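Before any comments, here is the structure.
Since this is a predicted model, take the numbers as computed values, not measurements. What you see below is based on every heavy atom in this structure, not just the backbone, and it leaves out hydrogens, waters and symmetry mates. Every chain is numbered from 1, with letters handed out A, B, ... down the list of sequences.
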Amino acid sequence: MNDIAEIVFWMIPGLPLAAFVIVFIGLRVLRVNDWLGALLSIIATTASFALSVWLGIRLLIQPQTRLIEGFSWFSAGTGMNVDVGLLVNPLTVIMLVVVSTISLMVQIYSVGYMRRDGGINRYFSFISLFTFAMLSLVMSNNLLIMFMSWEMVGLCSYLLIGFWFHRPEAAKAAKKAFFITRIGDFGFLAALLILFNATGTFDIEGIHQAAAAGIVSATAITWAALGIFFGAVGKSAQFPLHTWLPDAMEGPTPVSALIHAATMVAAGVFLVARMYPLFEQSESALTVVAVVGGITALLAATIALVMWDIKKVLAYSTISQLGYMMLGIGLGGVWVGIFHLFTHAFFKALLFMGAGSVSHSTHTFDMREMGGLGRKMPITCITFVAGALSLSGLWPLAGFFSKEEILGSALESQPILFGIVLATVFLTAFYMFRVVFLTFGGKYKGKGKPHESPLVMLAPMLIMAVLAISAGWLNADGTIGSLLGEESNHSWTTGIFGVFTHSLTWVSLLLAAAGIMLAWAMYSKNWFSPKKVSSRFTSVNSLLLHKYWFDELYENIIGSRLLNNGLFRFFEIADERIIDGAVNGLASLTSYTGSMARRVQNGKLQNYLLIFITGVAIIALVAIIIN
Amino acid sequence: MGILSITIFLPAAGALLLSVLPGKNARIPRAVALAVTFLTLVLSCVLFASYDRSLGGFQFVDALSWIPAINSSYHVGLDGLSLSLVTLTSLLAVIAVLASRHITSQPKAFFAWLLLLQSCIIGVFSSLDLLLFFIFWELEVVPLYFLISTWGSNRKERSAIKYVLYTLFGSAFMLAGIVALYFTTGTFSLPELYNTDFAMLANGIPLAAMFFLLLAGFAVKLPIFPFHTWLPDTYSDAPTAGSIMLAGALSKMGGYGIARICLGLFPDTAASFSSLFMGLAVVNIIYGGAIALRQKEIKRIIAYSSFSHMGFVLLGIFSLNEIGLTGAALQMVSHGLIIGLLFAGAAILVKRTGTSRIDEMGGLARQMPVLCGLVFVAAIGAMGVPSSSGFVAEVSVYLGAFSASAEAAKIITIISLVGILLAASYMLNMVMKVFFGPVRESFASLPDIGSVEKLYLGVLATGIFTVGLYPQLITTVLKPAIKGLAVLWGG
Amino acid sequence: MNWMYILPEIIIAASALAIIIADLISRKPVIITTIAIVGIAASLIAACTSTVTFEPVFDGMLFIDGWSRLLKVLLLVVAGSVVIASTDYHARLKHSWAEFHALVLFSLLGMMLMPSAGNLISAFIAIEITSISFFVMVGMLKTPLSSEASLKMMLTGGIAAAVMLYGMAFIFGSTGSTSLAEIALSSQPDFSSGLLLGALLLLAGLLFEAGAVPFHMWLPDAYEGAPTPVTMYLSAGSKLAGIAVIARVFSMGLNNPGGLGADWGMAVAVISALTMTLGNVLALQQSNIKRLLAYSGIVHTGYMLIAVATIGLGGQVSGDEKLFFYMASFALAEIAVFTAVIVITRQIGSDRIEDLAGLARRSPLLFAIMSIGIFSLMGLPLTAGFMAKLFIFTSAVDNGLLWLMIIAVLNTVISAYYYLRIIRVMWLGKPSDGSALSLPKAPGLISIFSALGILLLGIAPYLLLKLAENIIFIP
């Protein structure tokens, strides 16, 4: 890559940023408010995309890491310098490709989806900013700049989730997303402090070298790693901070596609991958990553079983898949997690676009008001099913390959987690095909006449479908694995057909097929009614419908009772009554003393004389005592 | 008389001019005030630009023997720390004048007091003589008393007197400290005091006593918990210009005083009490933030948020190292811009909607997208979101505090991180309640802000981003001053 | 004998007699006033130009040194201001105009002699001349309030005189002399308990005149009941003379650093703390401007006593330039405020604070004068009052009285509350009657001059401080 001019690297995040500035400020000042903003955004992202893909191709030819020095941005004193620079290694390039592809597709799709909305400039400028933030997060060589981009990603998702701010739910969901991910940022920031304090630098390579050289104490490394992971837990919606992601569905659907596939939630996984050398030094931190990932995967999959909102199902599915990725990193290393992130990005974006396409014609997300759309929206249906199959992990679709790696890693090290992953495979296939059958099978139950979406929406979906099917083949000969530093590939992944030599493949395929069959039986053929099933397990059903009561726990019990109406209320009252009260009390005491003293000053002469004489007596007494 | 002295007294001269101006027209005093504050801003910018960064130290010095009997002189000068605050004050003064366009009752008096206030604040930042410092410090209560009690709202008279008594209470101790210091060293001159080795001077008054006496005044002004209860009342009842100057510029006098005097003169005492003050800083941050979250009135939310954010200043200062001190100084400038924008924006909201309760507002982003955007900029600044000035300031404070040598520094810093959660919580809550949600019938016809409002709110918003994206603008000026201070603790 | 030493006093005595004679010839008030002013002016010139000596004169009865000269000048200025300000009060004192002026001069004579006292006897006589004149002046309005005030003052004053005499007797018994110089000699290095008791009893008697707690009870009644010019005179004149005589008697006669000086110094310090605190607390509740100023005056007595205490603790002989600066700035503030109060109360017919409402609109000039005076009493920077307090505080800390200084500064905070209340009423209050108030020429002139003086001393205190120092310490 040495022959590539540095400017090319800077252009990748720079172009979307320029698009943001021009569209958000420039067009506003010029009062241009039509599709010019969208066009500029798309052009910028296309350029970034092209450059990223070019980098990706070069990477396949010759893997290499490149450090690009930038400029000194900020220095608070002698010891603290923040130098902006780029770190471009295979991990970076893979992420660049994912981010720019999804962003580009989403933007094109949005042209169709958002055409009836106002505020198009605002929308596209925010998407550009979002893309910029994610790209710079991926490319930064500096932990502080990464943190900044990380926060910018959070801010952009806030702005986009709350795009329809006049809807109270959207405003609330945006706030929730920002706030809950910020709880995670608490950990990231703490880790930043620990690492800077221990190493005196923000440079990622520098930190890794210092950690490897044993300059940083083992405790510090563990805490820092846990802090970073806690940050990722927030952003990547891991248990127990996963509650914001389903609510984030209040945003426009293309935004959901973007958030769920390539930006917001991927940031957390990427962060852990980027800081993996640190995690490597701490066995316990890696275990925590894997366990949290496993819990998340199963937990979210179970909730997805009962949701009626198509986007909510997809949202829980995302959480579950993110759990997979964390588990993969925790057990198998960077490449396992990132490979799944890579494939997941395509099929999840596709699924969201499909969901958007469906709602675009039915004006609802409630699957009980859909049905029979397969015939009315054939392309949407076909692409959606492709995505669903890929997500369920059916051979030879992309999801299959990446999931196998996770399963394999779990099998090797953690039997319990392996069980969880297997269960999740079954659940995933079931809930995805529940969606497919409810939406596209049977008869149409909603209002109006559904119709196929315009080409500008279908085209990205078709492209994504192709990727959702084929992306896994990239690793057929272990390319991605070796790029991301895996020396010994798992045997069952060599070649597209080589997988069948291992029994694990058969187990997982059988489980996925069983899930699909069950969904078919319940929701297409109605051999046994879902209602009956749910009435038989009322308590489980209600637990799932209430998402294990997490929201209630957080919002009502912790947020409201414990803090806002508990501790904070106590603070407020204490402030008014005790602290300010003490001040006011002092004031009233003074004036009370005044009125008491005034009683003596009552105009009666004998009083005056009495006091006078008393004063003299006291003075005389003092004089006698002194001597 | 040098350019600095002109900068200090120009607003006062403007006030004098206003007080002898005939006529009752509201426009002329406003124009005069605007011209004077603008000219002062230009002068401040000249000072800022012409400060020799490589030389450091106090520049633009004017010295004049004043009361030889007690060895006091008129001695002013600026280093990076004071220079950035002087510039901030001048900027906020212009904003305050612009934000006071609706003042129609006794406009002459209003603007005269405002200008006088500006002179006092600049004087505080520029004084190199402790007596002079105290005089400017104490004098500031008079204009504010009149501003709040006359042009304020709600229980304005009570708030005004509360403010004055609190301030005088603090400054009473401060005066005692200054006199004790004078008795110990025989001088009021700061540069001389910096070169005095206090440990060599044996006299009855312990250094810690002087340290705390001096600190009392600053503690009230900053404010440090538990000396803050004047703040919510005063900030929310003061007229807009008053709130802007109070929260934006005056509170910085507290932080500035601690750094310049308490730390500069008593480094060892400061070091031995640094844990205590870092602890108090965390109380400020969390306690203030928690109460802000409970508030229903927009100005009170902002007031408590200001209280909370001053905790960062305190935390940075008492980390006693270069990074933390730089962070504290950045936070002072940044907070000045943010709080100015918030108060100015809140004032417009309250005036237009006729209510100050956030749950009675709502959906205003539809009618006032520009105002919403600008206030949102302040909100992200207050939350410390990157690219805003709040981020660089708070992150530096955190980094400095975490590396501080105080005993519990690490734990304290980690606890203080909760502050970013609280800030996000109350700020987003405010933004959501005020701007988002369905449009209310009664506000349906409200117009967006006019071009003057756009101008001054926009300037502040630009400032927030400028400092956030290009902090070197300020840090290069700060560097020599902060370095000189940090050397006291060997760093 | 060199009569020139007491030329200023002689002129005043002569003017007083001239007034009585003139009253027999013509009852025109202009003539009376003119004689008084001319007499005071002549005396002022004499006081300024007279020679001073550090040796006691008239067989040790009087000191004519820098301290007494400074005080004479100050008291003459105050008396002159009272005379000028009272021209606005003519309507109420019509029938006793000459009597009033004669008494002003007689009491002035006593007051001028007070700081010059070189002997306990001469001090006592000077004090009594002053006191008796004031008893009469306070009751001059002949209203029940006024008469009652006079009676109370006279009775408590009688007791004070008795206590003072008793103390003098103890001192005489211990040292065998009433001359301050001789007392000073025989009280060193040891002193008997009788001498200490005597000194403290004498102090009690003298503190009555200055109005210190707990000998202050007469003061609010007298201030409220007396004609306002008399109140002004009591506050800016006799109070200062009382403090000055304490400084004189104790610094010359009983000063013995480390021994007696430390004892009475500490006693004064304690009394000072009590005085300012109690005065402040009581002032919080007042609704009458004259009564409020009475309590404010008590508070200022407390501040001045700090300086007196430092004289004792520091073993300083013959007065203190910082104390003088305080007295001068206090006098200026009282002149400004009281002159304005005289003018205002005559026109609004009330001396309640509420009735000052809207003064800022009715007369911006009077408001400005009142504000400057009040800010000076409050001790805000750029007024003489701030510098005065600052100087006193520095000498307090110099003499190990940090605790007293902290009490003092905290008291300034309490006092801000009631001072600001007056300002608030004048600035914000809605006037019941919106008509403009006028400021007559003569009182206007002195109030404006004193207000300007306050600002001048606030900005350039060195002018007066250096002068006082030179006069006191350089022969």
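By the 4.0 Å N-to-carboxylate-O rule, B:D233 lies close enough to B:R158 to be salt-bridged with it. Salt-bridge check for A:E555 with A:K176: passed, with a basic side-chain N closer than 4.0 Å to an acidic carboxylate O. Between B:K162 and A:D580, at least one side-chain N (NZ, or NE/NH1/NH2) sits under 4.0 Å from a carboxylate O, which counts as a salt bridge.
At a 4.5 Å heavy-atom cutoff, the contact between A:I194 and chain B is made by backbone and side-chain atoms alike. Looking at A:L159, only its side chain comes within 4.5 Å of chain B, counting heavy atoms on both sides. Residue contact with chain A, scored on non-hydrogen atoms closer than 4.5 Å, involves the backbone and the side chain of B:V385 alike. For B:F391, the part lying near chain A is the side chain, with the backbone staying farther off; criterion is any non-hydrogen pair under 4.5 Å. Contacts between B:L469 and chain A at a heavy-atom distance below 4.5 Å involve the backbone alone (N, CA, C, O). Looking at A:N565, the atoms closer than 4.5 Å to chain B (heavy atoms on both sides) sit in the backbone and in the side chain alike. Contact of B:F435 with chain A is made through the backbone alone, with heavy-atom distances under 4.5 Å. There is no contact between B:T476 and chain A, counting heavy-atom distances below 4.5 Å. Within the 4.5 angstrom heavy-atom criterion, only side-chain atoms of B:I380, from C-beta onward, approach chain A. For B:I482, no part sits under 4.5 Å from any heavy atom of chain A, backbone or side chain. The part of B:T326 that comes within reach of chain A is its side chain, from C-beta onward, which places non-hydrogen atoms under 4.5 angstrom from that chain.
Ring-plane geometry between A:Y158 and B:F376 is classed as parallel, the angle between the planes falling under 30 degrees on a 0 to 90 degree scale with a further cut at 60. Using cut-offs of 30° and 60° on the angle between ring planes, the pair B:H228 and B:F307 is parallel.
More than 12 heavy-atom neighbours from other residues, nucleotides or ligands sit within 6.0 angstrom of CH2 on A:W73. Atom CZ of B:R53 has more than 12 heavy atoms from other residues, nucleotides or ligands within 6.0 Å.
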